[in-house]
Every structure is written in structure tokens, then in C-alpha cells.
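Written below as C-alpha cells is the structure these notes are about.
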Amino acid sequence: MIQPLGPASPFPADWFGLDAVTLAQRLIGAGLYLDGVGGLIVETEAYRRDDPASHSFRGATERNRAMFGAVGRAYVYRSYGIHWCLNIVCDAGEPGSAVLIRALEPNAGLEVMAARRRTAAPRLLCAGPGRLAEALGVDRSHDGADLLAAPFSMTAPNGPFALSAGPRIGITKGVDHSWRFGHAGSRFLSRAFRTGEPG
DNA sequence: TCGTTGATATTCT
DNA sequence: GAATATCAACGAC
């Protein structure tokens with residue numbers, strides 16, 4: 001569990017101007033809430049414009065247009081026809097980057113999440129991008145929404161945290177990058193990391 | 001605990 | 001038509 005060291009402080013909006021890999025690491029430990037329901041980010045993945053695994057690789061389309069818009073906004077897409085997945089758009093000079101939020105350590109609105117997920121096991125509420133979106137109530141209506149304005153809110157990480165890194169999950173291209181990051185040893189991850197070292 | 005598989009919508013070829 | 005940034009149910013051990 002991530003132990004709070006003090007009161008939550010606002011998330012620094014200028015971090016959204018960082019490149020996706022850096023932001024993906026800094027987001028670990030940050031709070032993410034929708035209508036007050038959510039928790040602390042424990043797992044992320046970075047996707048860049050020049051990255052064959054990224055939805056933005058072949059340029060802007062109707063689906064991915066949020067990735068080419070303002071930073072700090074949500075990019076929400078349908079995964080495998082069933083699930084919604086939530087990204088945070090960022091930009092280090094060239095549009096088309098985002099960080100996929102893969103898992104939260106839930107700490108607010110546990111009852112609401114349990115009802116939406118039809119399970120009360122905290123470990124299974126937000127462990128995976130599809131589960132996380134279902135628990136928070138994220139859907140297409142949130143595509144393009146500002147993560148620092150209602151109904152969303154974010155808090156700064158109360159770190160530093162020990163990070164794990166490894167290859168991204170579920171992709172067939174760009175597998176040579178270790179752009180998946182997590183809070184080392186967290187039990188709320190979608191999957192364990194093979195090594196404990198950041199990369 | 002592990003591996004396999006079906007469900008399902010949207011995008012791109 | 002094929003592929004997909006996933007999940008849960010199920011059966012074999």
C-alpha cells in the first residue's frame with residue numbers, strides 16, 4: 001500500500017508537457033478520481049507518436065483525435081469491442097503521445113466501484129485498463145475531457161516511489177521498449193513485473 | 001496456479 | 001475480412 005506522507009497537493013499541470021515515457025514514470029503515485037471515485041495510480045504505459053504500437057503512429061483519425069489535441073485531456077478508446085481504456089494526453093514538442101493508465105490502488109468510492117465491477121475484492125477493482133475504466137465509470141463521453149477539471153480530479157504523487165519497468169502488455173509491435181511502469185511490489189497491478197529495476 | 005478461449009465494437013486493409 | 005493497448009470463465013493439473 002502507498003502510505004500518504006501528508007495532505008494531497010494539486011497535480012502539476014506542466015508535467016503534461018513532458019514526453020510520454022517520463023510522464024508515465026511520474027504518474028506512479030498520483031491520485032486519479034472521477035466524481036470522487038478512484039485511487040492512486042500504480043501502473044502506466046507510454047505511447048509515443050513515433051511508436052508502432054501507438055494508435056497515433058499512422059496519424060490522426062476520428063478515433064485518436066484526442067491524442068493530437070490539448071495535453072492533460074483524456075483519450076478514451078474501445079478495446080476488443082468490450083472495454084474502455086483511459087489515457088492521458090501529453091506532448092514533448094510533437095503531438096500524438098499519451099500515457100495509458102493501467103491500474104489504480106483504490107482509495108475512494110470503494111462501494112461504488114464494487115457495485116460497477118460486481119465484485120468486492122479491492123485487488124480486482126482497478127487492476128487493468130478495462131477494469132479501471134469500468135470501476136470509475138469512464139466511457140466515450142469522457143474522450144477529450146480535461147483531467148484537472150470536474151468531473152475528474154488529480155493529486156500530485158507523494159513520492160518518491162520505487163518503480164518497476166518492463167515491456168508493454170498486449171501489443172505485437174514496439175515490444176523492444178520497456179515502457180510499462182509500476183509501483184514496485186504493489187498488489188494492485190494488472191500483472192507482476194519480471195524485474196524490479198526501472199528502465 | 002496455469003493455459004485456453006469466447007465475447008464483442010471499431011478501425012483499418 | 002483481419003486485427004485489436006482486455007477480461008472472465010472454464011478445465012487440466
Side-chain angles (χ1 to χ4, degrees), chain A residues 16 19-25 27-28 32 34 38-39 41-69 71 73-91 95-106 113-145 147 163-183 186-194 199:
Chain A
F16 295 135
D19 73 277
V21 175
T22 303
L23 178 62
Q25 297 176 47
L27 280 172
I28 301 300
L32 174 64
L34 174 50
I41 297 172
V42 295
E43 184 181 342
T44 60
E45 282 179 3
Y47 288 89
R48 296 176 14 165
R49 175 72 174 84
D50 59 354
D51 166 14
S54 174
H55 289 172
S56 61
F57 183 64
R58 291 180 185 83
T61 65
E62 187 173 348
R63 173 177 67 159
N64 68 17
R65 84 186 122 69
M67 289 186 81
F68 293 88
V71 302
R73 314 293 269 248
Y75 165 46
V76 180
Y77 70 93
R78 184 75 98 163
S79 178
Y80 289 91
I82 304 175
H83 305 100
W84 297 107
C85 293
L86 173 65
N87 296 252
I88 300 179
V89 176
C90 63
D91 182 355
S97 291
V99 175
L100 173 66
I101 310 302
R102 289 193 56 92
L104 301 181
E105 175 181 316
M113 290 192 270
R116 287 172 176 156
R117 293 274 303 116
R118 297 172 296 282
T119 176
R123 209 201 74 75
L124 296 176
L125 291 179
C126 301
R131 291 165 171 165
L132 183 161
E134 183 175 39
L136 267 61
V138 172
D139 62 32
R140 165 161 298 164
S141 71
H142 301 104
D143 189 38
L147 274 302
L163 293 186
S164 296
R168 293 171 292 179
I169 293 177
I171 59 171
T172 57
K173 290 162 273 189
V175 295
D176 48 326
H177 292 122
S178 286
W179 285 350
R180 173 181 176 237
F181 303 99
H183 179 206
S186 172
R187 75 181 224 259
F188 297 96
L189 300 172
S190 65
R191 285 167 54 171
F193 286 81
R194 283 182 62 81

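Chain letters run A, B, ... following the sequence lines, proteins first and then strands; every chain starts at 1.
Between the side-chain ring of Tyr47(A) and the base of dA5(C), a stacking contact exists by the 5.5 Å and 30° definition.
Taking atom CZ on Arg116(A) and atom C1' on dA8(C), their separation rounds to 20 Å, with Å as the unit. The interatomic distance linking Leu132(A) (CG) with dT6(C) (C1') rounds to 13 Å, in whole Å. In this structure, Leu125(A) atom CG and dA8(C) atom P are separated by 11 Å, rounded to whole Å. We find that NE2 of His83(A) is positioned 13 Å from C1' of dA5(C), with the value rounded to whole Å. When the P atom of dC7(C) is taken as reference, atom CH2 of Trp84(A) falls 15 Å away, rounded to whole Å. Atom CZ of Phe181(A) is separated from atom P of dA5(C) by 19 Å (rounded to the nearest Å). Counting to the nearest Å, the P atom of dA9(B) and the CG atom of Asp139(A) are 15 Å from each other. Look at CD1 on Ile169(A): it is 7 Å from P on dT6(C), rounded to the nearest Å.
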Between Leu104(A) and Met113(A), is a side-chain contact (heavy atoms from CB on, under 4.5 Å) present by the stated rule, with each step listed?
CA-CA 12 Å; Leu104(A) 301 181; Met113(A) 290 192 270; 5.9 Å; no
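Glu45(A) contributes a side-chain N or O that, together with a main-chain N or O of Ile169(A), makes up a donor-acceptor pair within less than 3.5 Å. Panel note: side chain Arg168(A), backbone Tyr47(A); no donor-acceptor pair is recorded below 3.5 Å.
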Contacts under 3.5 angstrom, residues 128-139 of chain A side chains, donor-acceptor by atom type, not counting sequence neighbours:
residue	atom	partner	partner atom	Å
Arg131(A)	NH1	Ala127(A)	O	2.8
Glu134(A)	OE1	Arg117(A)	NH1	2.9
Glu134(A)	OE2	Arg118(A)	NH2	3.1
Asp139(A)	OD1	Ser141(A)	N	2.8
Asp139(A)	OD1	Ser141(A)	OG	2.5

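For Leu100(A), the side-chain atoms get nearest to dA5(C) when compared with the rest of dT4(C), dA8(C), dA5(C). You'll find that the side chain of Asn87(A) is closest to dA5(C), out of dA5(C), dT8(B), dC7(C).
Within the structure, a side-chain polar atom (N or O) of His55(A) is placed less than 4.0 Å from OP1 or OP2 of dA5(C). For Arg78(A) and dA5(C), the shortest distance from a side-chain N or O to OP1 or OP2 is not below 4.0 Å. Listed pair Arg117(A) / dA8(C) meets the phosphate criterion, a side-chain N or O lying under 4.0 Å from OP1 or OP2. Put simply, Thr172(A) has a side-chain N or O that comes within less than 4.0 Å of OP1 or OP2 on dT4(C).
Using a 4.0 Å heavy-atom cutoff across all strands shown, Ile82(A) reaches at least one base atom of the nucleic acid. At a threshold of 4.0 angstrom between heavy atoms, the contacts of Arg191(A) with the nucleic acid are absent.
Remark: dT8(B) base-pairs with no nucleotide in the shown strands. Criterion, Watson-Crick or G-U wobble with two distances under 3.5 Å.
Residues of residues 60-68 of chain A that place a heavy atom closer than 4.0 Å to DNA chain B, in numerical order, are Thr61(A), Arg63(A).
Residues Ser186(A) and Glu105(A) have side chains that never bring a donor and an acceptor to within less than 3.5 angstrom of each other.
Using a 4.5 Å cut-off on side-chain heavy atoms (C-beta onward), Asn87(A) and His55(A) make no contact. Within the 4.5 Å cutoff, the side chain of Val21(A) has heavy atoms near those of the Phe181(A) side chain. Ile88(A) is not listed as a side-chain neighbour of Thr44(A), based on a closest heavy-atom distance of 4.5 Å or more.
Donor-acceptor pairing under 3.5 Å, judged by distance alone, is absent between the side chain of Tyr80(A) and the base of dA7(B).
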